[in-house]
Amino acid sequence: MAGRVGPDSLELTEAHRFPNRPVRVPEGLRWDVLALYAGVLDGLRAAGQVDSVGIDGWAVDYGLLDADGALLGNPVHYRDSRTEGVAEKVWATVPAAELYAATGLQYAPFNTLYQLTAARETAQLSRAERLLLVPDLIAYWLSGEQGTELTNASTTQLIDPRTRDWSHGIASRLGIDLGLFAPLRRPGDPAGVLRDRVLEETGLAGPVPVTTVGSHDTASAVAAVPASGERFAYICTGTWSLAGLELDAPVLTEESRAANFTNELGLDGTVRYLRNIMGLWLLQECVRAWGDPDLGALLLEASKVPALRSVVDAGDAAFLAPGRMPERIAEACRASGQPVPGSPAEVTRCILDSLALAHRGAVLDAQRLAGHPVDVVHVVGGGTRNALLCQLTADACGLPVVAGPTEAAALGNVLVQARTHGLAGDLAEMRALLVRTQPLTRYEPRGGTERWRAAQDRLAGP
């Protein structure tokens, strides 16, 4: 994505799009990171001359480098099964409550901490001299400089959200060598310049600085929430739904841990207090299983299906792995004694109702746990294109939903670069620029929230 920023302008254009296809090999599910890097080079070539480059991507996964700085193997995919049962081994050394009090991170089986524990006896980890999270790996290949960006580092479960530094005590007790990680850097920090070889391959004229951004895509997306003031919740929608609040300090209570909220770090000293929800992954997997039908027609049919006939827990790790998603959703409905959706439209409506219900639960729980009331819910990311989901979220939360921008992560990335190079102001000014320049759609809640409460009770069971 190429961005252009001025005092009252913010334009984003797609320079190049390329697929991201994980590959299953005999040892498990892997990212094809070389193909991704080739796509980045193609994108730089297509974008033409730029003043800065910033990299954001997904969290928790990493590449291991040897003493020469060479990649030791394709990064393991977070949906790989290697972390099954690993959390219990970790908790035997550091109890879950203690781990949460120190790191503030929700339990997710794929957190980097569990991945490193699962990899402890592997030949690859024993040879590794450096660990780079995936966006940092791409930035290293571009610039030759190694660093660990803080917002993404906070998803490893090895950062203390109060000090915004490594949790040395936790790492030591679990036998994790923090020396594997490159020095921490923060959004706005310099990350080198494009290597000469990269300039040759892309046709760009140097020097082109690489600027550290919120390299966790959710951190960049939250930076691009077009909010004013503090009384807002956000939902970053896409493969995942990340629903929560922007706070000044983490919430590390036992009640917060039990509710499975995470304290990830954001821009300018903020904390992203949120819950992970399975998100549109559920629908993406169903659409794939159905042979990629027309999505618009499918959503139209789903809008005609009676509301809340059947719902599933959209945060259930049972839906994490790919494959057989329509059948697994049907099985979950059958097991809970609800009507079993049959047609694609019925399954789609079940998914969207379930996501809206999970959004409601996260927004209500976050306000209660943090003592932080909100007046509006901002939905950003790919889900803003799904008008039915946005309306259902407004209905479920009983709050207005402001949808947009769709490309929030890219906009947050660009704005941090622009600020670093003197073209944008602080976080509030960045958000004001988004309000002035980006198309936003407002959805008002319809009806009361009683039926949503009843659906939640039905899902919770006796």
Side-chain angles (χ1 to χ4, degrees), residues 1-5 9-15 17 20 54-59 135 149 151-152 155 187-188 211-230 232-246 264-268 270-277 279-281 284 355 359 362-363 374 376-387 389-390 393-394 400-419 424-443:
M1 305 294 282
R4 186 179 295 275
V5 183
S9 64
L10 176 57
E11 300 172 6
L12 199 66
T13 56
E14 181 181 303
R17 184 171 292 270
N20 181 4
I55 305 291
D56 70 82
W58 68 94
E149 192 277 318
T151 69
N152 215 2
T155 72
T211 303
T212 304
V213 299
S215 74
H216 184 195
D217 52 6
T218 309
S220 281
V222 172
V225 169
S228 59
E230 299 178 349
F232 68 93
Y234 57 79
I235 306 172
C236 300
T237 59
T239 302
W240 292 88
S241 280
L242 298 315
L245 309 173
E246 184 175 77
E264 297 171 359
L265 300 182
L267 218 63
D268 297 353
T270 59
V271 172
R272 292 176 286 124
Y273 184 62
L274 59 88
R275 177 184 285 160
N276 274 41
I277 298 162
L280 288 167
W281 160 256
Q284 292 163 4
L355 287 177
H359 293 165
V363 169
V374 305
V376 63
V377 177
H378 283 272
V379 175
V380 299
T384 60
R385 297 190 184 100
N386 191 322
L389 177 59
C390 292
T393 297
V401 162
V402 176
T406 301
E407 298 290 356
L411 287 164
N413 178 323
V414 163
L415 283 168
V416 169
Q417 293 184 70
R419 183 172 75 173
D426 63 13
L427 186 55
E429 292 175 15
M430 287 163 53
R431 287 174 167 160
L433 180 61
L434 287 158
V435 171
R436 295 197 301 271
T437 60
Q438 303 304 302
L440 306 174
T441 305
R442 187 178 177 95
Y443 297 84

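- Using a 4.0 Å cut-off between a side-chain N of Lys or Arg and a carboxylate O of Asp or Glu, Asp268 and Arg419 qualify as a salt bridge.
- Here the closest heavy-atom approach between residue Ala243 and residue Ala362 is recorded as CB-CB, 3.7 Å.
- Between the side chain of Glu407 and the main chain of Ala410, no donor-acceptor pair closer than 3.5 Å is present.
- Between Pro226 and Pro405, the closest side-chain pair of non-hydrogen atoms falls below 4.5 Å.
- Here the side chain of Tyr234 pairs a donor or acceptor atom with the backbone of Leu245 at under 3.5 angstrom.
- Distance alone, capped at 3.5 Å, is enough to place a donor-acceptor pair between the Thr437 side chain and the Leu433 backbone.
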Given salt bridge (charged side-chain N to carboxylate O under 4.0 Å, His left out), test Glu230 with Arg431 step by step and report yes or no. CA-CA 12 Å; Glu230 299 178 349; Arg431 287 174 167 160; over 6 Å; no
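- Enclosure of atom CZ in Arg436 by more than 12 non-hydrogen atoms of other residues, nucleotides or ligands within 6.0 angstrom is indicated.
- Counting only residues at least two apart or on different chains, the side chain to side chain donor-acceptor pair (under 3.5 Å) pairs with a member in residues 377-387 are Thr384-Thr406.
- The distance from atom OG1 of Thr151 to atom CG of Leu267, rounded to the nearest 0.5 Å, is 8.5 Å.
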Run the side-chain contact (heavy atoms from CB on, under 4.5 Å) check on Phe232 and Glu246 step by step: do they pass? CA-CA 8 Å; Phe232 68 93; Glu246 184 175 77; 3.9 Å; yes
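- Across all their heavy atoms, Gly383 and Leu280 have their closest contact at CA-CD1, 3.8 Å.
- More than 12 non-hydrogen atoms from other residues, nucleotides or ligands lie less than 6.0 angstrom from CD of Glu14.
- The CG atom of Leu274 sits 5.5 Å away from the CG atom of Leu242 when rounded to the nearest 0.5 Å.
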Arg442 vs Val401, side-chain contact (heavy atoms from CB on, under 4.5 Å): CA-CA, chis, key distance, verdict: CA-CA 6 Å; Arg442 187 178 177 95; Val401 162; over 6 Å; no
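- Of the possible donor and acceptor atoms, one in the side chain of Arg272 sits under 3.5 Å from a partner among the backbone N and O of Leu265.
- In this structure, the side chain of Ser220 engages the main chain of Gly214 through a donor-acceptor pair within 3.5 Å.
- Comment: Arg275 does not engage Glu264 in a salt bridge, judged by the lack of any side-chain N to carboxylate O separation of less than 4.0 angstrom.
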I would like to know whether His359 and Leu389 meet side-chain contact (heavy atoms from CB on, under 4.5 Å); could you show each step before the answer? CA-CA 10 Å; His359 293 165; Leu389 177 59; 4.2 Å; yes
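- Side-chain contact between Val402 and Thr441 is absent, with no heavy atoms from C-beta onward closer than 4.5 Å.
- Across every non-hydrogen atom of Pro135 and Ile55, the tightest pair is O-CG2, 3.6 Å.
- A donor-acceptor pair under 3.5 Å is formed between the side chain of Asn413 and the backbone N or O of Gly54.
- Shortest non-hydrogen contact noted between Leu415 and Ala424 is O-CB, 4.2 Å.
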Worked verdict on Met1 versus Thr13 for side-chain contact (heavy atoms from CB on, under 4.5 Å): CA-CA 6 Å; Met1 305 294 282; Thr13 56; over 6 Å; no
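- Between Val377 and Tyr443 there is no side-chain heavy-atom pair separated by less than 4.5 Å.
- Taking all atoms of both residues into account, the shortest heavy-atom contact from Asn152 to Ser215 is CB-OG, 3.4 Å.
- Residues Thr237 and Val380 fail the side-chain proximity criterion, which asks for heavy atoms closer than 4.5 Å.
- Taking each heavy atom of Val379 and Cys390 in turn, the nearest pair found is CG1-SG, 4.3 Å.
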